[in-house]
2 protein chains.
Amino acid sequence: MALRYAILGLLLDRPSSGYDLTGRFEDVIGAYAWDAKHSQIYPELRRLDLEGLVEVVDRGARGRVTYRCTKEGLAALRAWLMAAPASTGGVKNEHALRLFLLPALEPDDALEVLRQTEAGAVAQVEHLEAEFAALQERTGSASGGPLGITAQFGILSFRATAQWARWARDHVGGEVVLGGDVEARGDGDPGGDGDPADIANAGRSADPGSTAG
Amino acid sequence: MALRYAILGLLLDRPSSGYDLTGRFEDVIGAYAWDAKHSQIYPELRRLDLEGLVEVVDRGARGRVTYRCTKEGLAALRAWLMAAPASTGGVKNEHALRLFLLPALEPDDALEVLRQTEAGAVAQVEHLEAEFAALQERTGSASGGPLGITAQFGILSFRATAQWARWARDHVGGEVVLGGDVEARGDGDPGGDGDPADIANAGRSADPGSTAG
DNA sequence: CATCCCATGTAATATGTTACATGATTAC
DNA sequence: GTAATCATGTAACATATTACATGGGATG
């Protein structure tokens with residue numbers, strides 16, 4: 001049920017065709033929130049249309065059909081947002097999973113992946129910052145409007161990833177022990193030092209919520 | 001194909017039964033990396049066993065079967081980690097999606113959800129910090145060993161979420177305009193001020209990667 | 001000896017991906 | 001006029017969730 005609400009949300013910002021939406025999933029929210037392919041988007045748009053949650057506002061060249069979110073669609077979206085439990089369940093993030101699995105690699109390989117991770121996260125930050133700047137211009141608002149607020153979430157998330165990757169570089173290492181026996185287990189102390197909590201707390205001294213508003 | 005590697009990764013840390021793994025998905029990585037239910041885990045374990053990537057190390061009471069990752073399993077995991085593109089594609093994060101959709105709510109409701117978001121993220125941070133402390137004790141290592149490094153990723157991610165939620169509180173608002181017409185669009189300037197980049201940069205002055213190592 | 005939790009299994013359904021497929025328009 | 005890209009559609013397959021189902025062992 002999440003896909004339809006992702007679509008409604010994108011349409012709220014701007015009427016779009018299935019083709020447009022496919023691109024917007026790829027460019028914006030696909031990287032950190034929800035991804036979808038055109039083969040899922042087109043049928044869902046037709047269903048939403050039948051249910052009156054979206055409506056056709058334009059039929060252009062090449063069979064292009066532009067949809068807009070109706071007020072019923074907005075109501076449905078709001079109902080879902082308020083009703084669904086604010087659980088973190090159902091996460092499927094292959095990127096994060098790979099980071100989770102990283103200690104299984106030998107140190108050299110792990111370091112290489114960490115380097116790529118950091119570079120990728122930095123690239124995402126730059127991409128989203130460009131999106132954000134474009135949104136500021138388009139909306140004439142410093143916060144970039146609704147999508148700008150969202151883009152900031154992506155930016156902060158990827159920054160956290162980059163930050164973690166830098167920290168993790170100093171802590172990978174040690175032997176992988178296959179979980180050892182059922183009761184007796186090797187520990188493989190990687191000889192890490194430095195308290196990670198220091199890093200985790202680093203961003204808090206200048207509280208953004210109270211200073212930037 | 002991601003599920004099997006998540007399982008192999010968990011087994012690397014410690015031999016487990018399907019039941020154990022179900023709990024570990026819920027408790028640890030399910031919140032930010034990968035989630036799975038027992039109905040998926042049990043069949044996958046049997047498949048992994050047939051392929052020799054895991055092996056049975058114990059059969060306990062009530063039909064309990066404990067598996068361990070074999071060296072073939074470790075090799076397969078490593079191959080996957082090194083081979084798969086380090087893409088960010090295929091994310092399915094309902095939590096993040098909900099944040100993305102938040103601007104569709106009226107300000108009061110959005111603020112309420114943001115409050116819950118922040119509280120939830122803080123709770124996750126505390127939960128993971130407890131996990132981390134337990135890992136430090138269990139591994140006798142300051143970095144908490146492989147799983148500790150992972151836990152830090154979760155901690156930093158959820159901290160970023162909490163940070164964002166505080167910042168976003170000051171920027172939600174304005175009318176939702178259903179995307180306006182196809183060409184003429186309302187803008188709904190939310191009157192935000194303060195540059196979000198300030199917040200995004202907040203954690204960087206004390207570079208964790210260089211000071212903590 | 002009943003009740004609760006441990007521990008696994010499976011069937012039905014829903015969701016998502018890959019691959020295949022078609023035609024229209026634009027740019028050259 | 002032909003190549004590239006826009007734009008949609010669908011079938012086959014893979015993955016994931018929900019619900020139903022069973023029985024063992026511990027606790028009182």
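Letters A, B, ... are given to chains in the order of the sequence lines, protein chains preceding strands, and every chain is numbered from 1. Only heavy atoms go into these numbers, but all of them, side chains included; no hydrogens, no water, no symmetry mates.
- Partners of A:Glu51 by salt bridge (Lys or Arg N to Asp or Glu O under 4.0 Å), not counting sequence neighbours, listed by chain and number: A:Arg4.
- A ring-ring contact (aromatic ring centres under 6.0 Å, His included) check over residues 5-31 of chain B, counting only residues at least two apart or in different chains, returns the pairs B:Tyr5-B:Trp80.
- Here the side chain of A:Arg46 is nearest to one of D:dG9, C:dT8, C:dG9, namely D:dG9.
- In this structure, B:Glu26 places its CD atom 12 Å from P of D:dT17, rounding to the nearest Å.
- For B:Lys92 and A:Glu94, the salt-bridge test fails: no basic side-chain N is under 4.0 Å from an acidic carboxylate O.
- Between the C1' atom of D:dT15 and the CG atom of A:Leu3 lies a distance of 16 Å, rounded to the nearest Å.
- For D:dT8, the OP1/OP2 oxygens have a side-chain nitrogen or oxygen of A:Tyr42 closer than 4.0 Å.
- Residues that satisfy the side-chain hydrogen bond (donor to acceptor under 3.5 Å, both in side chains) test with A:Arg115, not counting sequence neighbours, are A:Glu112.
- For A:Tyr19, a side-chain nitrogen or oxygen approaches OP1 or OP2 of D:dC6 to under 4.0 Å.
- Atom-to-atom, CZ of B:Arg47 to C1' of D:dA14 comes out at 10 Å; the value is rounded to the nearest Å.
- Nearest heavy atom pair, residue A:Val172 against residue B:Ile149, reads N-CD1, 4.0 Å.
- One can place CZ of A:Phe25 at 14 Å from C1' of C:dT15, the figure rounded to the nearest angstrom.
- In this structure, the CG atom of A:Leu45 is 13 Å from the P atom of D:dT10, given to the nearest Å.
- Contact annotation: the side chain of A:Arg68 never approaches that of A:Leu11 to less than 4.5 Å [non-hydrogen atoms, C-beta and beyond].
- Note on residues 41-73 of chain B: pairs passing ring-ring contact (aromatic ring centres under 6.0 Å, His included), not counting sequence neighbours, are B:His38-B:Tyr42.
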Between the protein and nucleotides 18-24 of chain D, are there any N/O to N/O pairs under 3.5 Å, and if so, what are the atom names and distances?
| from | atom 1 | to | atom 2 | distance (Å) |
| --- | --- | --- | --- | --- |
| D:dT18 | OP2 | B:Lys37 | NZ | 3.4 |
| D:dT18 | O4 | B:Ser39 | OG | 2.8 |

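- To the nearest angstrom, P of D:dT15 lies 9 Å from CZ of B:Arg4.
- If you measure from atom CD of A:Glu44 to atom P of C:dA14, you get 13 Å, rounded to the nearest angstrom.
- Judged by closest nucleotide on DNA chain C, B:Tyr67 is the one of A:Met1 and B:Tyr67 placed further toward the 5' end.
- Recorded end-axis angle for the helix from C:dC1-D:dG28 to C:dC28-D:dG1 stands at 20°, based on five pairs per end and rounded to 10 degrees.
- A salt bridge does not link A:Arg64 with A:Asp58: every distance from a Lys NZ or Arg NE/NH1/NH2 to an Asp or Glu carboxylate oxygen is 4.0 Å or more.
- By the 4.5 Å heavy-atom criterion applied to side chains, A:Gln124 and A:Ile155 are not counted as neighbours.
- For B:Trp34, counting side-chain heavy atoms from C-beta on, the closest listed nucleotide (D:dA16, C:dG9, D:dT8) is D:dA16.
- As a whole-Å value, the separation of A:Lys92 NZ from C:dA14 P is 17 Å.
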